[in-house]
Amino acid sequence: MAAQSPSARKTYRPATQLVHSGTVRSGFGETSEALFLTQGFVYPTAEAAEARFNGEDPGFIYSRYSNPTTRMFEERMMELEGAGDARATASGMAAVSAALQCAVKAGDHVVAARALFGSCTYIVQTVLGRAGVDCTFVDGRDLSAWQAAVRPNTRLFFLESPTNPTLEVIDIAAVAKIAHAAGAILVVDNVFATPLFQKPLALGADVVVYSATKHIDGQGRCLGGIILSSAEWIKENLHDFFRHTGPSLSPFNAWVLLKGLETLALRVRQQTENAARIAELLASRTDKVARVFYPGRADHPDAEIIARQMTGASSLVAFELKGGKEAAFRVCNALGIVSISNNLGDAKSIITHPATTTHASLSPEAREAANIGEGLLRFSAGIEDIDDLLEDFDAALDKA
Ligand SMILES: *Cc1c(COP(=O)(O)O)cnc(C)c1O
């Protein structure tokens, strides 16, 4: 594919990459990225088909393997992330599932941070477990625990940072060092940080995965995911698995996500400004709020790592109400513009009660260990006018 994007000539800054990287125009010279809704491709001759299949001609063969619109999305993400190659997937979970399954084989051992998205825990424990892979869960912020969990057959470290829902931050560079010394690779789920605020590959991680359903679409329209790594890792570990098991992203969704990327920097900047102001309000309402978890605040327990590792805070805020579940439900129900839902990174502000929804399947002890109290709420800031959000929260807190 002849790259006609400006990025072929020069490395641009992220806000420019988000608009231009990966764009390949068809002969019509369309302004907006073209949507190639096609299952496959035709070859002018039998010889051309043969060359396509034997790899002499690198063109497209079948949309389960790759598609021009999907490839534009992958290339844009690769430039943003500094990755050598990528594969877009139908959902964030397809990305996590493929990346982890391709990193290990029967008899290997995995070390994973305990604070994982629920379905990620299922993959590590159940899917990999069934395949004969053992896993040890550790407190991701405790570097000595990562080290102590290493066995001679450890091949994979896996973590999310910041974590869901309490926004703890793990030192990615330090964990990568321990992984590499042990002969393992580090896979990072970077959803909460977004590609703008944290670059796991530059920090030493080997593979990065995203749910593009979150900030990348950012407008609640479709599911998607992506796996990014070096060209060698993708070729050796993922390429054949991906072709033959078919977790591919629909070209239509790839097109939606490309358009989402165009406005990612603007949205995330506004969301983060809004989140910081809401965190400030919550911290001032000591009559109702026991604790605020926000990576942009000086009182965050991982403030020193955040300063080293991240270039922005977060569009999410978690906070613990003094009145437990009843107070949390009253606040949810009293909010006007903020929707009760479980997506995050959306243009619309969203509030979630993790203990009864996203983290309801955890045992009460596991929730307690993860700081997920009955009074905890997770707020995903949208791009609404901050004064409307502040008024909404102030009035809702009065009812807590
Ligand atoms: C949402 C999410 C996923 C799963 O993504 P889907 O697109 O819903 O499949 C994985 N990891 C994290 C951290 C998430 O927030």
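For ligands, and for the atoms within them, numbers begin at 1 and follow the listed sequence.
Looking only at protein heavy atoms, the nearest one to atom 8 (O) of ligand 1 is S211 OG, 4.2 Å. Residue, atom and distance of the protein heavy atom nearest to atom 1 (C) of ligand 1 are K214 NZ, 1.4 Å.
Residues E33 and V24 have side chains not in contact (no heavy-atom distance under 4.5 Å, counting atoms from C-beta outward).
Listed by atom number, the atoms of ligand 1 under 4.0 Å from T213 heavy atoms are 6 (P), 7 (O). Close contacts of ligand 1 with M93, meaning ligand atoms under 4.0 Å from a residue heavy atom, involve 4 (C), 5 (O), 6 (P), 9 (O), 10 (C). Less than 4.0 angstrom separates some heavy atom of S91 from each of these atoms of ligand 1: 7 (O), 9 (O).
D299 and R297 are joined by a salt bridge, as a carboxylate oxygen and a charged side-chain nitrogen come within less than 4.0 angstrom of each other. A salt bridge links D108 with K105: the closest approach of a Lys/Arg side-chain nitrogen to an acidic carboxylate oxygen falls below 4.0 angstrom.
Aromatic ring centres of H353 and F329: separated by under 6.0 Å.
On a distance-only criterion, E160 and ligand 1 share no N/O pair closer than 3.5 Å. Considering backbone and side-chain N/O atoms, G92 comes within less than 3.5 Å of an N/O atom of ligand 1. For ligand 1, the polar-atom distance check against L223 finds no nitrogen or oxygen pair separated by under 3.5 Å.
Counted by atom type alone, S144 and D142 present one or more donor-acceptor pairs between their side chains at under 3.5 Å.
The closest approach between a heavy atom of G224 and any atom of ligand 1 is below 4.0 Å. Residue-ligand proximity: D189 is placed with a non-hydrogen atom under 4.0 Å from ligand 1.
When all heavy atoms of A34 and T69 are compared, the pair lying nearest together is O-OG1, 2.9 Å.
Relative orientation of the Y62 and Y65 rings is perpendicular, given thresholds of 30° and 60° on the angle between their planes.
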